[in-house]
Amino acid sequence: MRDDFSQKVKDTLGRRVGFVCANPDCGMLTVGPNSESSSSTNIGVAAHITAASPGGPRYDASLSETALGAVENGILLCQSCAKLIDSDVNRFPVELLRQWKGRAEKIAAVRLNKQLKDNEWSMGSAGIHEVIQENGYYEKQMEGYKIRYFLSGNLLHVEQELSNGSIGYYVIDSKGNMVEQKFPFPLSEYSVEFEPNIVLQRQKANLSDGTVREDVLMKWGKRAVIIWDSSHLLKDLHCENGVRIDHIRKVFIFEPPEFKSSIA
């Protein structure tokens with residue numbers, strides 16, 4: 001059975017990246033006007049990160065039909081890039097496509113919350129326009145997350161802390177392009193911890209470049225792909241459904257969700 005995306009999922013994938021191809025080497029706008037005034041042209045493809053059916057590119061038999069057709073398993077690409085990733089699977093593995101998707105969504109989020117006026121940095125939220133002063137450290141609460149930022153020259157340093165405790169840090173130029181994405185410390189200094197009884201299955205595989213890939217399936221829909229270098233230092237990590245980051249201890253912590261009492 002093939003689990004195609006619903007129209008709602010396709011629309012969501014497009015909107016989350018501003019209908020721009022998520023391939024960082026492409027960035028093509030995928031929607032625009034048509035010669036017919038009542039129509040538009042769409043060259044975007046809601047591509048599967050993990051194939052929709054057995055035998056397809058990057059197919060993962062452990063995923064349910066629901067998961068295969070969910071937003072989490074899709075990425076918005078232009079037609080050329082969608083063809084490219086399925087024609088050379090070894091070059092475009094699952095973890096790379098998820099990195100593309102995450103980067104594209106973060107760029108879209110920054111552009112959504114930022115406006116540029118008179119060559120000054122500014123940030124808009126809930127109709128409030130704020131000019132960011134250079135060399136000032138600012139913090140504000142926005143819908144669903146806390147944001148801290150610092151302007152140095154034409155580069156804006158941004159740290160976002162989401163309600164689940166995860167933190168992202170990146171640097172943006174005056175055109176809204178992401179220059180650098182990183183954690184406060186080198187990723188290799190971080191460790192990974194799993195709360196007791198949360199892990200269901202762990203699989204490791206030695207990759208051709210000398211790194212080790214660890215796939216971890218956990219309770220409550222949590223999944224993680226961890227890449228370790230030859231010295232068993234953290235090189236890359238992708239997770240689904242949340243991970244808490246403790247920057248003081250420099251550790252990624254996978255833990256159960258917070259359960260609430262049911263409402264009668």
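Because the structure is a prediction, the values reported are computed rather than measured. Nothing fancy with the numbering, it's 1 onward along the sequence.
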Do [X] and [Y] come within less than 4.5 Å of each other through their side chains, counting heavy atoms only?
| X | Y | result |
| --- | --- | --- |
| Leu200 | Met218 | no |
| Val216 | Lys204 | no |
| Leu237 | Ile227 | no |
| Lys250 | Ser191 | no |

What verdict does the side chain to side chain contact (heavy atoms under 4.5 Å, CB included) test give for Glu95 and Arg213, after you've listed the backbone C-alpha separation in whole Å, the side-chain angles of each residue and the deciding distance to 0.1 Å?
CA-CA 10 Å; Glu95 55 268 25; Arg213 168 178 169 150; 2.5 Å; yes
For residues [X] and [Y], report the shortest heavy-atom separation together with the two atoms involved.
| X | Y | answer |
| --- | --- | --- |
| Phe254 | Cys239 | CE2-CB, 3.6 Å |
| Trp220 | Pro257 | CD1-CD, 3.4 Å |
| Val17 | Ala104 | CG1-CB, 3.6 Å |
| Lys235 | Asp209 | NZ-OD2, 4.1 Å |
| Cys78 | Met28 | CB-SD, 4.2 Å |
| Val71 | Leu13 | O-CD2, 3.5 Å |

Please lay out, stage by stage, how Gln201 and Ser62 fare under the test side chain to side chain contact (heavy atoms under 4.5 Å, CB included).
CA-CA 11 Å; Gln201 181 180 356; Ser62 68; over 6 Å; no
Can you tell me how far the [atom1] atom of [X] sits from the [atom2] atom of [Y], to the nearest 0.5 Å?
| X | Y | atom1 | atom2 | result |
| --- | --- | --- | --- | --- |
| Asp215 | Ile226 | CG | CD1 | 9.0 Å |
| Leu234 | Glu189 | CG | CD | 11.0 Å |
| Ser188 | His232 | OG | NE2 | 13.0 Å |
| Leu217 | Asp60 | CG | CG | 9.0 Å |

Quick test of your reading of the model: are Lys222 and Glu255 salt-bridged, counting only N-O distances below 4.0 Å?
no
So, are Asp236 and Arg98 salt-bridged, with charged N and O less than 4.0 Å apart?
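Salt bridge: no.
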Taking the inter-plane angle between the rings of Tyr190 and Phe252 on a 0 to 90° scale, is it parallel (under 30°), tilted (30 to 60°) or perpendicular (over 60°)?
tilted
Besides Val31, the hydrophobic cluster formed by Ile, Leu, Val, Met, Phe, Trp and Tyr side chains linked at under 4.5 Å, directly or via other members, contains Phe19
Ile49: which other cluster members, linking ILVMFWY side chains closer than 4.5 Å, directly or transitively?
Ile75, Leu77, Leu84, Ile85, Phe92, Val94, Leu96, Leu97, Trp100
Is there a continuous path of hydrophobic side-chain contacts, each under 4.5 Å between heavy atoms, that joins [X] to [Y]?
| X | Y | value |
| --- | --- | --- |
| Val192 | Leu233 | no |
| Val199 | Val225 | no |
| Leu76 | Val45 | no |

Side chain Thr211, main chain Leu207, donor-acceptor under 3.5 Å:
no
Treating Asn73 as the side-chain partner and Thr50 as the backbone partner, does any N or O pair qualify as donor plus acceptor under 3.5 Å?
yes
Verify salt bridge (Lys or Arg N to Asp or Glu O under 4.0 Å) between Arg249 and Glu193, making sure each step is shown before the conclusion.
CA-CA 11 Å; Arg249 295 174 53 216; Glu193 291 183 1; 2.5 Å; yes
Show the numbers, then the answer: is there a salt bridge (Lys or Arg N to Asp or Glu O under 4.0 Å) between Asp86 and Arg58?
CA-CA 9 Å; Asp86 287 349; Arg58 297 170 296 274; 2.7 Å; yes
May I ask you to check whether over 12 heavy atoms, not counting those of Arg16, lie within 6.0 Å of atom CZ?
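Count not over threshold, so no.
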Would one find more than 12 heavy atoms of other residues, nucleotides or ligands at under 6.0 Å from atom CG of Asp88?
yes
Residues that Tyr59 engages under ring pair (Phe, Tyr, Trp, His ring centres under 6.0 Å), provided they are two or more places apart
none
